[in-house]
Amino acid sequence: MFKKLRNKFLILNLVIITIMMIFAFTSIYLITYNNVRTEIVRELHKTSDFHRKNKEFIQKPHQEFNDDERLPITDNMMPPAEPSVSFYIITDNGGNILSTTSIFEMDDSFYTSATNVALASNDSVGKFKLNGYYWAYLIEPAFFGNRIVFVDITSQQSILRNLIFTFIIVAFVMLFFILLISVFFANKSIKPIKEAFDKQRQFIGDASHELKTPLAVIRTNVDVLLSNCEDSIQNQSKWLNYIKSETDRMTKLTDDLLYLTRVDHSNLEMIKSDFNLSETVENTILTMEAVIFENKISLDYHVEPNLTAYGNHEQIKQVIVILLDNAIKYVNRQGKIIITLKKQYHQTILSITNSGKGIADEHIDKIFDRFYRTDKSRTRANGSYGLGLAIAKTIIEQHGGKISVKSIPNQNTTFSFKLPSN
């Protein structure tokens with residue numbers, strides 16, 4: 001599925017870029033072509049004026065010069081910026097050549113062919129190819145017939161032709177490199193989508209699995225009750241307690257899932273205000289202090305007074321409860337929990353460290369994923385679904401903070417979060 005999505009993305013990208021290149025190259029070619037055409041027309045008019053004003057260069061039909069009388073070809077004999085080859089022909093109304101003007105020797109048949117092509121086109125300005133060269137012409141009517149000036153535009157045509165070849169080569173080279181770059185960015189763009197899809201699929205599978213177990217227990221206990229329907233409720237209380245216990249677990253699971261759905265919603269309005277984070281941490285510790293001492297856990301905490309934060313007080317309190325409850329669950333027997341709240345630069349940092357088994361390196365990057373548990377048998381026994389840390393991470397990130405974990409195997413584990421301080 002993702003391979004097809006990537007290929008569609010590549011095809012769409014290449015089609016769009018190809019269309020843009022065609023449009024750009026066509027525009028450049030048309031502008032260049034128009035400039036060249038304008039320059040050719042200007043040269044035709046300039047050459048025509050030059051030949052009319054310099055009668056000393058006019059050569060009658062079949063007039064011949066001796067070798068020592070023929071003028072050498074120099075730049076001074078040519079009009080400024082005139083093409084390398086040009087000639088001027090005067091014809092009568094019937095198209096017969098009356099005279100020619102050229103400083104280059106050309107065959108009479110060439111003059112005749114060029115004149116016939118120009119007059120046959122019925123256009124005053126045009127171009128044609130003759131004897132392997134491209135010529136532009138300008139026909140000016142006169143009382144005795146026509147004045148026709150021809151200029152060699154082979155170099156200009158070569159420029160236009162080379163421009164087309166250049167565009168084709170550049171287009172293929174660009175498309176090749178664009179394809180490579182597009183493949184790289186397509187894979188990079190598809191990767192988070194694929195990861196999100198995989199996480200969603202894993203999430204659905206895990207949620208279904210977590211719901212399947214208590215439903216199976218409930219169904220089994222209901223079957224037992226139905227098989228002893230004549231017995232009293234008091235005698236069946238054990239099965240009813242099992243049903244209630246599993247129902248409570250399902251209720252907690254669905255509440256956590258609904259909560260994650262709400263906090264994940266970007267349009268959810270969160271009520272925020274300034275509150276005393278130090279007092280929140282101390283009050284949370286007091287509420288859980290009995291559980292800590294009941295489990296013979298040593299507690300040590302250092303809370304800087306009057307540290308404030310901006311956010312939702314209840315949600316931040318929930319994060320503290322989740323992290324502290326997690327520390328209590330995974331601390332070793334007669335272990336130690338250390339809680340620290342301090343201000344560092346422009347951030348307020350809360351750290352909760354518990355001694356114990358720790359978290360292996362392969363689990364560190366996944367510890368905040370939903371339904372992820374390092375020890376599934378133990379977490380199920382203590383009623384954990386692996387959603388607490390995911391909820392904590394979501395809340396902290398929505399408050400513009402960052403949550404992290406560090407662990408030294410067989411020594412300790414530290415969960416901490418940072419919030420922007422006021």
Side-chain angles (χ1 to χ4, degrees), residues 214 237 241-242 244-256 259-260 275-309 311-342 348-359 367-368 373-396 399 403-408 410-417 419:
S237 60
N241 287 330
Y242 289 157
K244 183 179 182 302
S245 175
E246 294 301 323
T247 304
D248 291 340
R249 286 170 56 84
M250 289 178 61
T251 301
K252 185 179 182 303
L253 174 59
T254 53
D255 288 343
D256 287 345
Y259 183 81
L260 278 172
F275 64 95
N276 192 314
L277 184 58
S278 299
E279 290 183 0
T280 302
V281 173
E282 290 176 347
N283 292 335
T284 305
I285 293 173
L286 289 174
T287 59
M288 304 185 72
E289 199 169 23
V291 178
I292 292 173
F293 288 111
E294 183 181 345
N295 287 276
K296 297 180 181 181
I297 300 170
S298 175
L299 176 64
D300 186 11
Y301 61 92
H302 308 277
V303 178
E304 289 187 19
N306 300 320
L307 294 182
T308 60
N312 187 288
H313 173 265
E314 292 299 325
Q315 287 190 347
I316 296 299
K317 182 179 179 180
Q318 183 179 3
V319 173
I320 300 171
V321 171
I322 290 172
L323 296 182
L324 188 52
D325 180 68
N326 187 77
I328 294 172
K329 288 178 180 178
Y330 293 98
V331 68
N332 58 334
R333 187 177 181 84
Q334 296 182 345
K336 186 176 183 179
I337 294 178
I338 302 174
I339 303 173
T340 304
L341 179 67
K342 62 181 180 179
T348 302
I349 304 174
L350 174 68
S351 300
I352 300 178
T353 302
N354 67 275
S355 59
K357 183 179 178 181
I359 303 173
I367 199 67
F368 292 103
R373 293 164 295 185
T374 57
D375 188 349
K376 295 187 178 181
S377 60
R378 181 179 175 184
T379 51
R380 179 162 183 81
N382 58 36
S384 174
Y385 285 102
L387 293 176
L389 293 177
I391 293 174
K393 180 182 179 182
T394 303
I395 292 174
I396 293 301
H399 281 76
I403 190 169
S404 60
V405 59
K406 294 181 180 179
S407 183
I408 302 175
N410 299 319
Q411 291 190 29
N412 58 56
T413 300
T414 301
F415 283 89
S416 59
F417 67 78
L419 289 177

With sequence neighbours excluded, what pairs up with Thr254 under the side chain to side chain donor-acceptor pair (under 3.5 Å) test?
-> none
Using the test side chain to side chain donor-acceptor pair (under 3.5 Å), find all partners of Asn241 that sit at least two apart in sequence or belong to another chain.
->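 In terms of side chain to side chain donor-acceptor pair (under 3.5 Å), with neighbours along the sequence ignored, Asn241 is linked to no residue.
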Within this structure, what is the [atom1]-[atom2] distance for the pair [X] and [Y], rounded to the nearest 0.5 Å?
| X | Y | atom1 | atom2 | value |
| --- | --- | --- | --- | --- |
| Leu419 | Leu307 | CG | CG | 11.0 Å |
| Lys357 | Gln411 | NZ | CD | 15.0 Å |
| Gln318 | Ile320 | CD | CD1 | 11.0 Å |
| Leu299 | Ile285 | CG | CD1 | 6.0 Å |
| Ser416 | Leu350 | OG | CG | 8.0 Å |

Within-4.5 Å side-chain heavy-atom neighbours: [X] and [Y]:
| X | Y | value |
| --- | --- | --- |
| Val319 | Lys317 | no |
| Ile396 | Ile316 | yes |
| Phe368 | Val405 | yes |
| Thr353 | Phe415 | no |
| Leu277 | Thr308 | no |
| Thr414 | Asn354 | no |
| Met288 | Ile328 | yes |
| Asn412 | Ser407 | no |

Residues in side-chain contact (heavy atoms from CB on, under 4.5 Å) with Ser245, at least two apart?
->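 Not a single residue meets the side-chain contact (heavy atoms from CB on, under 4.5 Å) criterion with Ser245.
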Are side-chain N/O atoms of Ser355 and Asn332 paired as donor and acceptor at under 3.5 Å?
-> yes
